[in-house]
Amino acid sequence: MSDKITIAVSKGRIFDEAMPLLAQLDIVPRDDPVESRKLILETNQANIQILIIRATDVPTYVERGAAELGIAGKDVLMEYSGDGLYEPIDLGIAKCRMMLAGVKGAGPITDRPRVATKYINITRDYFANKGQQVEIIKLYGSMELGPVLGLSDWIVDLVDTGNTLKANGLETLEHIADISSRLIVNKAAMKMKPALIKPILNQLSDIIGNKE
Ligand code: PRT
Ligand code: MG
């Protein structure tokens, strides 16, 4: 393994909230990913680079060692199945809730409810734990449309302000999980590069004050 550390992050809200944390460790990207369109950002630290990828791809890159570290939402990690990852720190950023939602005022569904979601594993486990039979419909985005157009009765999606649900005539029904972003670490890299990785973990947990 080289003596470089690659940190995988997704563009958007996680990048925006993670960069101020990394800046406190004196890790600052040389380019803005929106303007530069680069997928690998060099930083002020010669041996640390930041990889910009899709949120759902972050665990894959880290588990397979293409990146030593990553920052990923708990939603993505709960949905991902793999065991080559440590998840040592809750960074407390990009917070939201995973919720079950449906058409406002629709009342109980009598048949086997149809649930549209991109989180099929989380949804399957949630209803299996409750002992409730549902039909799960996989979507890749804009889940809110499902109940509006009669594609599904309910959706499982992330909710922050609730404005998206409200704007589409939906309401929350059940709380499934609290979500925030976590630092994830490749298990082999933790053993092979402790001198590079441990200081980052220690400094981050000092900043967060919340090592798990
Ligand atoms: O956009 P892309 O398809 O590339 O991937 P992505 O949508 O997974 O990435 P991104 O950047 O949108 O989200 C990355 C991570 O941010 C997620 O994995 C979550 O951990 C976290 N996060 C925090 C959120 C939200 N808050 C959030 N509100 N991700 C998405 N939303 C969406 C939600 O799905 C819904 O469409 O925002 C809408 C609801 O917001 P409110 O404020 O209207 O309730
Ligand atoms: Mg998105």
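What you are looking at is a predicted structure, and each value in this text was computed from that prediction instead of being measured.
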> Does any pair with a residue in residues 124-146 pass salt bridge (Lys or Arg N to Asp or Glu O under 4.0 Å), and if so which ones, sequence neighbours excluded?
Replying inline: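 Salt bridge (Lys or Arg N to Asp or Glu O under 4.0 Å) check on residues 124-146 returns K130-E174.
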>> Once salt bridge (Lys or Arg N to Asp or Glu O under 4.0 Å) is applied, what residue pairs with a partner in residues 100-110 remain, sequence neighbours excluded?
In response: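 Qualifying pairs: none.
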Taking the side chain from [X] and the backbone from [Y], do they hold a donor-acceptor pair closer than 3.5 Å?
X    : Y    : value
E68  : T6   : yes
R97  : D160 : yes
K187 : D83  : yes
T43  : I48  : yes
K95  : D178 : no
E79  : I120 : yes
E17  : A94  : yes
N186 : A188 : yes

With sequence neighbours excluded, residues passing side chain to side chain donor-acceptor pair (under 3.5 Å) with [X]:
X    : value
D153 : R114
Y80  : E63
Y86  : none
Q45  : D26

Which atom of [X] lies closest to which atom of [Y], heavy atoms considered:
X    : Y    : answer
L170 : P147 : CD2-CB, 3.9 Å
I197 : A189 : CD1-O, 3.6 Å
G92  : S180 : CA-CB, 4.2 Å

Contact between [X] and [Y] at the side-chain level, heavy atoms closer than 4.5 Å - yes or no?
X    : Y    : result
L100 : F127 : yes
M98  : V156 : yes
P113 : Q132 : yes
L139 : K118 : no
I53  : V58  : yes
I5   : L69  : yes

> Would the number of heavy atoms belonging to other residues, nucleotides or ligands and lying under 6.0 Å from OH of Y61 be above 12?
Replying inline: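 No.
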> Below 4.0 angstrom, N of the basic side chain to O of the carboxylate: do K74 and E87 qualify?
Replying inline: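 Counted as a salt bridge, because a side-chain N and a carboxylate O are separated by less than 4.0 Å.
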